[in-house]
K.L.:
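Could you have a look at this structure, given as structure tokens, before my questions?
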Amino acid sequence: MKTDKEISENPRSVTGSEALLKTLIAEGVDTIFGYPGGQAIPIYDCLYDYKDTLRHVLVRHEQGATHAAQGYARVSGKVGVVIVTSGPGATNTITGIADAMIDSTPLVVITGQVPSSLLGTDAFQEVDVMGITLPVTKWAYQVRKPEEIAWAVSRAFYIASTGRPGPVVIDLTKDVQVGTLDYVYEPVTRIRSYQPVPEPDPDSITAAAALINKAEKPFALVGQGVILSHAEKALTDLLEKADIPCGTTMLGLSAIPSAHRLNKGMLGMHGNMGPNRKTNACDVLIAVGMRFDDRVTGDLSTYAKQAKIIHLDIDPSEVGKNVPVDVPVLGDAKEMLTALTQQLHPATHEDWIASFAADEQEETEKVICPETYPSSGRLRMGEVVRKVSEAVGHDAVLVTDVGQNQMMGVRYFKHKQTRSVVTSGGLGTMGFGLPAAIGAKIGAPDRTVCLFVGDGGLQMTLQELGTIMQEKLNVKIIVLNNNFLGMVRQWQELFFRKRYSSTEMENPDFAAIAKAYRLGAREVEQREELDDAIREMLAHDGGYLLVAHVEENGMVYPMVPAGATLTKMIF
């Protein structure tokens, strides 16, 4: 290790901790979510000198740091950054890392680690971070030499943000953090063994265009890949030129405005009737940036058997994995959609598009009106979501937790612009919502952020109200309180003979807890009070928690039972 005199004589000579922070800044980082601890103290000590450049958000639990970083990344388009300590600090991040992996969210998670000399000795708070995180990351690397820091961190950002995005973990031993090096930053822009975007195949574009040009009933499935590749305009150009209706996955919801005439709603288990039924009625199915998840496809043996299927995706491993594909188109969604549109003939499909109207009318009569415009009985989840969406002019960031609150949120909250939906898709992580809303507000400070959360999910990360308090964040939290683990109760009612095992909850006074954290709060039970309560929440300067006491036996319909054919929806 260099002496103080040697460091002062060489201005490039810095500690590993300072090299870390310098590299984060060079990579464009301005916000870090984290929690200090023994094996990360050198980093946090150095961070003291960078507090005017790097905003550190002190969460109340390391899982909250990863979810907050996810929310930040999803609305900002940047890489979310997390710093935690070793042992339980590192293991507490695993749920968020796994969530980010399956939902293609770019994160760089930096964990402290015991000194290199103690690795493998079961030292205090030592854990095999590499072994634990490799299955749920794009890349994980343990740094044992200070000279590797800038390279490893820049490489991490390159891997996390390119191709199909995802989480990366960098594990820094404590001796690396305090060791010194001659700092040199060189951004990583290429990795020999890593090809983030497949080479485009012009023949596949031509083949896809030929199918679409001949189609009489084309239908597009829009996934989050459109948003991740900034391909929203390219998508709209294609749909409008060829007059193709579309349905979106849950994570792809805001890729196209809710009110666009070609947007026919959400796909999947709790999706809209039209998109689900028309998937099994179209003659050409164009999937863009989605992975044919089981919640979207239902029974694969009956899924879109009548259609020719085109799949545009950046990840070759997803093409043909679940659904056989007639024309694979590998590459960046924006580039592929643009190239494809150039070869399409202008078209109209008036009769095909008009055929969605019957499905929309049936769903409106059977589901939407009873759920969102009830005239009697207890408050319903759907009406609360609808009224909040209307009150913000359908132009806010929707964040949800997981469960019935999630399905009601994505069904009835509308959107005008992209990057407006933050929710846990593939992993379905309860407790995601509250910290993700924190990250979303920091990532989009000028936008209204509305979180819908159930009474169960809220209590999994309730402590993050303290982060909202300390950071003075104007997050609007709507608790759909039915005193049940609502989605599990729904399954118990439908498929387990109404045996409500361990799903009824005795809840605390959520409003009192919010007030203890110095947030605004109100409870509402009567329909006549709801409008005024929403106005008060939105007008409040700062964080606010609105507890809506909704009916206990509310159900999310329509519903495709797990493994059933998409057209076999129940009401």
Side-chain angles (χ1 to χ4, degrees), residues 20 31-44 47 56-74 79-103 105-114 119 122-143 156 160 166-174 177 401-402 422 424 426-439 442 453 456-468 470-471:
L20 168 66
T31 302
I32 297 168
F33 301 91
Y35 203 98
Q39 304 301 342
I41 284 180
I43 299 172
Y44 275 87
L47 189 60
H56 181 270
V57 179
L58 177 63
V59 296
R60 299 310 189 255
H61 189 281
E62 290 89 354
Q63 181 182 348
T66 53
H67 294 328
Q70 286 178 274
Y72 175 88
R74 295 268 283 274
V79 177
V81 179
V82 174
I83 298 179
V84 298
T85 190
S86 65
T91 59
N92 283 343
T93 67
I94 301 303
T95 297
I97 293 170
D99 193 289
M101 185 65 177
I102 198 166
D103 281 354
T105 305
L107 298 186
V108 170
V109 179
I110 297 159
T111 59
Q113 183 56 276
V114 300
L119 289 172
D122 291 332
F124 178 66
Q125 293 192 332
E126 179 193 1
V127 71
D128 183 4
V129 173
M130 295 297 96
I132 294 171
T133 60
L134 276 170
V136 290
T137 54
K138 286 187 72 176
W139 185 57
Y141 187 77
Q142 187 175 75
V143 179
V168 172
V169 168
I170 299 294
D171 194 41
L172 295 176
T173 59
K174 195 169 186 179
Q177 298 170 39
D401 204 78
V402 168
V422 179
S424 173
L427 199 62
T429 304
M430 287 183 67
F432 172 91
L434 184 57
I438 290 170
I442 293 172
V453 59
L458 178 64
Q459 292 181 84
M460 287 193 169
T461 49
L462 182 65
Q463 68 276 358
E464 298 305 335
L465 291 175
T467 306
I468 294 176
Q470 184 163 341
E471 294 292 325

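Treat the numbers as computed from the prediction; the structure is a model and nothing was measured.
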K.L.:
At their closest point, which heavy atom of G38 faces which heavy atom of P42, and how far apart are they?
P.N.:
O-CD, 4.5 Å
K.L.:
Sequence neighbours excluded, which residues qualify as side chain to side chain contact (heavy atoms under 4.5 Å, CB included) partners of A436?
P.N.:
V399, V422, F432
K.L.:
Test side-chain contact (heavy atoms from CB on, under 4.5 Å) on T467 and F33 and set out the steps.
P.N.:
CA-CA 11 Å; T467 306; F33 301 91; over 6 Å; no
K.L.:
Indicate yes or no: at least one non-hydrogen side-chain atom of L172 is less than 4.5 angstrom from one of L20.
P.N.:
yes
K.L.:
Measuring from Q70:CD to I97:CD1, what's the distance to the nearest 0.5 Å?
P.N.:
9.5 Å
K.L.:
Which atom pair, heavy atoms only, marks the closest approach of Y35 to E62?
P.N.:
CD2-OE2, 3.8 Å
K.L.:
Specify the closest pair of heavy atoms between A73 and P106, including all atoms of both residues, with the distance to one decimal.
P.N.:
CB-O, 3.8 Å
K.L.:
Can you name the side-chain hydrogen bond (donor to acceptor under 3.5 Å, both in side chains) partners of Q470, sequence neighbours left out?
P.N.:
R60
K.L.:
Listed by chain and number, what are the side chain to side chain contact (heavy atoms under 4.5 Å, CB included) partners of P36, not counting sequence neighbours?
P.N.:
Y44, L58
K.L.:
What residues form a side-chain hydrogen bond (donor to acceptor under 3.5 Å, both in side chains) with Q177, not counting sequence neighbours?
P.N.:
none
K.L.:
Are the side chains of L107 and M101 in touch, meaning some heavy atoms are under 4.5 Å apart?
P.N.:
no
K.L.:
Compare every heavy atom of H61 with every heavy atom of Q463, then report the nearest pair and how far apart it is.
P.N.:
NE2-CB, 3.4 Å
K.L.:
Any idea which heavy atoms bring P435 and H67 closest together, and the distance?
P.N.:
CG-CB, 3.6 Å
K.L.:
Per the side-chain hydrogen bond (donor to acceptor under 3.5 Å, both in side chains) rule, what does the pair list look like for residues 124-140, sequence neighbours excluded?
P.N.:
K138-Y194
K.L.:
State, yes or no, whether a side-chain contact exists between E471 and V57 at a heavy-atom distance under 4.5 Å.
P.N.:
yes
K.L.:
With the side chain counted from C-beta on, respond yes when I438 and E464 share a heavy-atom pair under 4.5 Å apart, and no when they do not.
P.N.:
yes
K.L.:
According to side-chain hydrogen bond (donor to acceptor under 3.5 Å, both in side chains), who are the partners of D171, at least two apart in sequence or on a separate chain?
P.N.:
T111, Q113, Q142
K.L.:
Please tell me if the side chains of D103 and L427 come closer than 4.5 Å, counting only heavy atoms from C-beta onward.
P.N.:
no
K.L.:
Between V108 and A160, which heavy-atom pair has the shortest distance, and what is it?
P.N.:
CG2-CB, 4.2 Å
K.L.:
To the closest 0.5 Å, what do you measure between OG1 (T429) and CG (D99)?
P.N.:
3.5 Å
K.L.:
My understanding is that only residues two or more places apart in sequence, or in another chain, count here; which of them pass side chain to side chain contact (heavy atoms under 4.5 Å, CB included) with T91?
P.N.:
P88, V127, I132
K.L.:
Any side-chain heavy-atom pair from I468 and L434 closer than 4.5 angstrom?
P.N.:
yes
K.L.:
Residues two or more places apart in sequence or in another chain: which of them pass side chain to side chain contact (heavy atoms under 4.5 Å, CB included) with T85?
P.N.:
Q39, A40
K.L.:
Do any N or O atoms from the side chain of D401 and from the backbone of V453 form a donor-acceptor pair under 3.5 angstrom?
P.N.:
no
